[in-house]
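Single-structure report; data block below.
We count ligands from 1, going down the list as the structure has it; atoms in each ligand are counted the same way. Nothing fancy with the numbering, it's 1 onward along the sequence.
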Amino acid sequence: MSHNIRALAARCCYDVVDQGLSLSEALPKAQALADNALDKALLQEMCFGVMRYLPQLEAVCSQLMSKPLIKQLRPLQFLLYIGIYQLKFMRIPDHAAISETVDAARELKGQSLTRLINGVLRNVQRQPALFDFSAAPDAIKYNHPGWLINELQQAYPDNWQAILDANQHKAPLWLRINVSKIHPTDYAAALTRAGIDYSRPLADLPAAIKLAQAQDVTTLPGYSDGWFSVQDAAAQYAAVLLNTEDGQRVLDACCAPGGKSCHILELAPQAELTALDKDPKRLLRVHDNLARLGLTATVIAADAAEPDSWWQGKQFDRILLDVPCSASGVIRRHPDIRWLRKKADIAALAELQQRILKQCWQLLAPGGTLLYATCSVLPQENQQQIARFLQQHSDAQLSPLPAQATQQYGWQLLPGDHDMDGFFYACLNKAATHSEKA
Ligand SMILES: C[S@@+](CC[C@H](N)C(=O)[O-])C[C@H]1O[C@@H](n2cnc3c(N)ncnc32)[C@H](O)[C@@H]1O
């Protein structure tokens, strides 16, 4: 049976916003019911769009309806958002957007609401002023939850608006060229031969290639030969900063799905890598990625904060801690994060991060390097963690990061900087002899 794309999109948005599923879980399920690649792409665009503009879509509806639809009619409320999003932001002809949305209402058992939905959408079409939010509260004006706007205003008084703006834009497709298989310049030449437009804008990351337009990566040169991986440039700094040498013992303590583990091995194929993650399901993707790229690691499902349960007693020369975090730096790629994440999550995450950091520090050999990383822009998960850790560990020394790093306790990349995701890095060196403060 063929499904109405707008009905699928409405249900998907309902699953995320009301039921708390992530878009990465809900969208593939919806897309599996779509007939073809075009419909899958349309579905994605609508769901991403509703996540990006939810407060404004709600505000427009509240101007046109006495109250929102509730209980079993909630998916139809999201269908209204899908309809309004199409009219305002997509290049679908208005008449098609409206009639398809009304048809979708029937599929969502909303026969009795087709007149209401038609009426709301026709009003949106006729009244562009409904989208004037210049005097609206910040949460509506900027399409982010108020608590997150407040956090960003405090942390970045000069550029919080630029961060919110970057979060509203589509992220580009970055490739990481597998230097153990092909030189980035040769890969760039292969792209040129294939007529694919790209740039290599980062002098300190020569293996990072940005495509001018996103495309199905399986159609790019060398996909099945493991010539590249898809990875945002900000994340590509991890393995570079870790600076692993062949023969060293390396721990990637929060490794799944394995992007950075694979990069470490591409740069140091003879390194002895232990790739650990708490989530056995996510580790399946680590195995897949290692296999596709022809790399080898010891993969362990365990808790990085409880090394007694898995550590064999031999210290590591390098440790990467890409800790679980708010993901507030990658909202442009995962627009649902702003609705799924709650203010209270931040303190809980910060505690977990500090525990992982403290426990794994003991596993680092004297003279070794630990790289702490998050895809967060919140200081509680970043600079404040490192400041707190350094206060308690006299054997830890912060090593200087690239010249761009201006913060005292690490390097904070903001979303949109050089068209990259928001990321944080702090590189800690362990003194050659161990002495930990009480
Ligand atoms: C930011 S992701 C890691 C991304 C990965 N480094 C990459 O580049 O592909 C964080 C990971 O930490 C894992 N994790 C969360 N708590 C953990 C813990 N206590 N011990 C080990 N892994 C944990 C999650 O399952 C998740 O896969």
Side-chain angles (χ1 to χ4, degrees), residues 22 24-25 174-176 178 205 207-208 228-242 244 250-267 273-293 295 297-311 316 318-331 333-334 337 340-341 345-346 348-363 370-378 381-382 385 413 415 420-426:
S22 75
S24 339
E25 293 168 272
W174 284 95
L175 305 181
R176 180 189 83 228
N178 182 353
L205 273 188
F228 68 87
S229 297
V230 172
Q231 189 180 44
D232 190 89
Q236 295 188 35
Y237 280 106
V240 173
L241 294 171
L242 197 62
T244 305
V250 188
L251 170 66
D252 183 355
C254 302
C255 73
K260 299 180 187 75
S261 282
C262 291
H263 195 193
I264 291 167
L265 289 169
E266 286 167 12
L267 296 178
L273 177 75
T274 299
L276 182 128
D277 200 282
K278 202 176 170 180
D279 185 340
K281 244 166 102 188
R282 283 172 65 86
L283 281 174
L284 297 176
R285 289 186 55 204
V286 178
H287 286 290
D288 287 350
N289 281 325
L290 288 166
R292 184 178 77 85
L293 296 166
L295 301 167
T298 303
V299 179
I300 302 177
D303 188 336
E306 290 181 8
D308 287 351
S309 66
W310 57 268
W311 185 47
F316 296 95
R318 296 281 182 273
I319 297 181
L320 172 61
L321 296 186
D322 187 17
V323 289
C325 72
S326 63
S328 51
V330 293
I331 288 178
R333 288 191 190 280
H334 303 281
I337 283 173
L340 298 177
R341 207 61 80 224
D345 297 343
I346 308 305
L349 281 165
E351 273 316 302
L352 172 63
Q353 292 157 355
Q354 191 67 214
R355 244 178 339 112
I356 293 177
L357 178 53
K358 279 185 175 166
Q359 291 297 324
C360 287
W361 184 250
Q362 302 171 48
L363 317 185
L370 181 150
L371 185 71
Y372 176 88
T374 73
C375 56
S376 165
V377 291
L378 301 177
E381 301 179 86
N382 298 341
Q385 292 285 31
L413 290 100
M420 292 190 283
D421 286 344
F423 238 85
F424 175 80
Y425 290 110

Discussion item. Could you tell me if the side chain of Leu265 sits less than 4.5 Å from the side chain of Leu290, heavy atoms only?
Written reply: yes
Fill in: ligand 1 atoms in contact with Asp279 (distance to a heavy atom under 4.0 Å)
25 (O)
Worksheet, complete the sentence: For Glu266, the side-chain contact (heavy atoms from CB on, under 4.5 Å) test, sequence neighbours excluded, returns Arg176, Asn178, Ser180, Ser229, Cys262, His263, Leu293, Leu295
Item to complete: For atom 10 (C) of ligand 1, grab the closest protein heavy atom and report residue, atom and distance to one decimal in Å.
Response: Asp322 O, 3.5 Å
Worksheet, complete the sentence: At under 4.0 Å between heavy atoms, what of Ala327 touches ligand 1? The answer is neither
Worksheet item: Is the closest heavy atom of Ala238 to ligand 1 under 4.0 Å?
Response: no
Discussion item. Tell me whether Asp421 is salt-bridged to Arg333, with the criterion being a basic N under 4.0 Å from an acidic carboxylate O.
Written reply: yes
Worksheet item: At what distance is the nearest protein heavy atom to atom 4 (C) of ligand 1, and which residue and atom is it?
Response: Ala256 O, 3.0 Å
Discussion item. Counting non-hydrogen protein atoms only, what is the nearest one to atom 24 (C) of ligand 1? Give residue, atom name and distance.
Written reply: Asp277 OD1, 3.5 Å
Item to complete: Report the C-alpha distance between Gln353 and Tyr372 in whole Å, list the side-chain angles of each, state the deciding distance to 0.1 Å, and finish with yes or no for side-chain contact (heavy atoms from CB on, under 4.5 Å).
Response: CA-CA 9 Å; Gln353 292 157 355; Tyr372 176 88; 3.5 Å; yes
Fill in: atom 12 (O) of ligand 1: the protein heavy-atom neighbour that sits closest, reported with distance to 0.1 Å
Cys254 CB, 3.3 Å
Discussion item. Which residues pass the ring-ring contact (aromatic ring centres under 6.0 Å, His included) test with Tyr425, not counting sequence neighbours?
Written reply: Phe423
Worksheet item: If you count the atoms of ligand 1 from 1 in the order shown, which ones are under 4.0 Å from a heavy atom of Ala253?
Response: 21 (C), 22 (N)
Worksheet item: Of the protein's non-hydrogen atoms, which lies at the shortest distance from atom 8 (O) of ligand 1, and what is that distance?
Response: Lys260 NZ, 2.9 Å
Response to the item:
protein heavy-atom neighbour closest to atom 16 (N) of ligand 1 works out as Pro324 CG, 3.6 Å
Item to complete: Look at the aromatic rings of Trp310 and Phe316 and report parallel, tilted or perpendicular, splitting at 30° and 60°.
Response: tilted
Worksheet entry | Atoms of ligand 1 close to Arg282 [distance to a heavy atom under 4.0 angstrom, numbered from 1] | 2 (S), 25 (O), 26 (C), 27 (O)
Response to the item:
For Ala305 and Gln359, the nearest pair of non-hydrogen atoms, with its separation, is O-CG, 3.2 Å
Discussion item. Only heavy atoms of Ala302, strictly under 4.0 Å: list the atoms of ligand 1 that pass.
Written reply: 20 (N), 21 (C)
Worksheet item: How far is atom 20 (N) of ligand 1 from its nearest protein heavy atom, and which residue and atom is that?
Response: Ala304 N, 2.9 Å
Worksheet entry | Polar contact flag for Leu352 and ligand 1 (N/O pairs, less than 3.5 Å) | no
Item to complete: Please report the closest heavy-atom contact between Ala238 and Lys260, naming both atoms and the distance.
Response: CB-CD, 3.5 Å
Worksheet entry | Distance-minimising heavy-atom pair for Pro324 and Ile356 | CD-CD1, 4.0 Å
Worksheet entry | Distance filter under 4.0 Å to Lys278 heavy atoms, resulting ligand 1 atoms | 17 (C), 18 (C), 19 (N), 20 (N), 21 (C), 22 (N), 23 (C)
Fill in: Under 4.0 Å to a heavy atom of Asp303 - the qualifying atoms of ligand 1, by number
18 (C), 19 (N), 20 (N)
Fill in: Stepwise side-chain contact (heavy atoms from CB on, under 4.5 Å) check, Ile300 with Asp277
CA-CA 7 Å; Ile300 302 177; Asp277 200 282; over 6 Å; no
